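Atoms within a ligand are numbered from 1 in the order they appear, just like the ligands themselves. What you see is a predicted model; the values in this text were computed from it and never measured.
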Amino acid sequence: MTNVLVVYASRHGGTRGIAERIAATLAEAGVEARATSVETARDVAVADAYVIGSGVYMGSWLKEGTEFIARYAETLATRPVWLFSSGPLTGSTAKTEGLSAEEAALGPVDGPGSGGRKKVIELMELVHARENRVFFGAYNPADPPKAMAERLVRLMPASKGLLPAGDFREWDVIDAWARVIARELREKVPVA
Ligand SMILES: Cc1cc2nc3c(=O)[nH]c(=O)nc-3n(C[C@H](O)[C@H](O)[C@H](O)COP(=O)(O)O)c2cc1C
């Protein structure tokens with residue numbers, strides 16, 4: 001049976017929740033799956049396929065997420081890999097008109113602010129990832145910041161508009177994506 005490892009880099013639990021939901025939906029669809037954080041991931045090479053996601057901060061994946069992909073790139077490149085980014089907050093005043101979801105979350109394709117998006121594209125190419133799906137995230141201002149940069153952004157007067165509080169994760173969209181992955185795995189991955 002195909003065994004999927006769903007790995008997440010999460011600072012405040014939003015991405016962890018998405019990863020756990022993907023693993024549960026894959027299991028419901030008859031595909032064996034387990035969710036684990038980048039920090040606690042074990043027996044990585046044992047899996048047949050990977051779903052890897054990170055929370056997005058200031059236009060970039062968390063370093064632990066990019067480092068995980070770089071560390072296991074050789075193994076990942078030989079198996080099906082899907083990436084997801086957990087980011088945008090509904091109602092954010094960041095100018096997102098006319099932008100793709102990736103651009104809205106990870107910045108423009110080129111020029112200033114494009115570093116985070118370029119890094120994800122580079123990692124996608126490295127491991128031949130099939131997709132980088134962007135999901136709406138969650139933000140709870142009562143949860144204390146976990147990094148200096150985050151603390152500073154939260155102190156900015158504009159942060160209220162940039163960071164609307166709430167849980168905007170779209171479970172039906174996430175479930176639908178996981179079911180597509182299950183179908184693709186059933187159709188294309190040789191089962192031992
Ligand atoms: C300081 C800060 C900066 C953020 N920057 C971005 C960003 O650049 N792009 C984006 O799409 N989301 C951004 N977000 C929203 C987060 O990605 C969202 O809250 C996500 O669900 C966090 O995932 P986590 O709880 O797994 O860490 C930011 C959130 C905070 C608190």
Side-chain angles (χ1 to χ4, degrees), residues 5-25 34-41 50-69 82-124 129 131-175 177-178:
L5 188 61
V6 185
V7 188
Y8 57 87
S10 178
R11 204 178 260 169
H12 292 284
T15 314
R16 183 184 68 228
I18 294 173
E20 287 169 350
R21 179 72 171 231
I22 290 170
T25 306
R34 62 189 162 105
T36 176
S37 75
V38 285
E39 290 90 1
T40 57
Y50 303 85
V51 180
I52 306 166
S54 172
V56 178
Y57 287 84
M58 275 74 86
S60 294
W61 265 37
L62 291 170
K63 198 161 145 265
E64 310 87 87
T66 59
E67 282 176 354
F68 178 88
I69 295 182
W82 288 263
L83 306 186
F84 71 93
S85 304
S86 150
L89 305 167
T90 305
S92 165
T93 54
K95 286 200 181 77
T96 54
E97 249 171 71
L99 298 182
S100 67
E102 282 83 357
E103 282 175 298
L106 292 158
V109 180
D110 274 311
S114 61
R117 186 160 143 79
K118 282 195 175 129
K119 181 72 191 173
V120 172
I121 291 170
E122 183 192 305
L123 292 171
M124 284 185 78
E131 197 180 343
N132 169 41
R133 185 66 186 267
V134 176
F135 293 119
F136 282 104
Y139 174 55
N140 176 6
D143 194 13
K146 297 212 167 111
M148 182 56 80
E150 195 185 338
R151 194 182 310 265
L152 294 175
V153 171
R154 288 195 194 190
L155 287 172
M156 282 163 40
S159 74
K160 275 213 171 65
L162 291 170
L163 298 171
D167 187 345
F168 307 103
R169 292 172 294 177
E170 298 177 309
W171 300 113
D172 51 340
V173 177
I174 293 162
D175 287 346
W177 192 62

Open item on the list: Between Glu150 and Lys146, is the salt bridge (Lys or Arg N to Asp or Glu O under 4.0 Å) condition met? List the steps.
Closed with: CA-CA 7 Å; Glu150 195 185 338; Lys146 297 212 167 111; over 6 Å; no

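Using a heavy-atom distance under 4.0 Å as the criterion, the protein contacts of ligand 1 are Ser10, Arg11, His12, Gly13, Gly14, Thr15, Gly55, Val56, Tyr57, Met58, Gly59, Ser86, Gly87, Pro88, Leu89, Ala105, Gly137, Ala138, Tyr139, Glu150, Val153, Leu163.
Counting only distance, with no hydrogens or angles, the side chain of Thr40 and the backbone of Thr36 share no donor-acceptor pair below 3.5 Å. Side-chain atoms of Thr15 come within 3.5 Å of backbone N or O of Gly55 as a donor-acceptor pair.
Geometrically, Arg11 engages Tyr57 in a cation-pi contact, judged by NZ or CZ lying under 6.0 Å from the ring centre and within 45° of the ring axis.
The line from OH of Tyr8 to OG of Ser54 is 12.5 Å long, rounded to the nearest 0.5 Å.
The ring pair (Phe, Tyr, Trp, His ring centres under 6.0 Å) check on Tyr50 picks up nothing, with sequence neighbours excluded.
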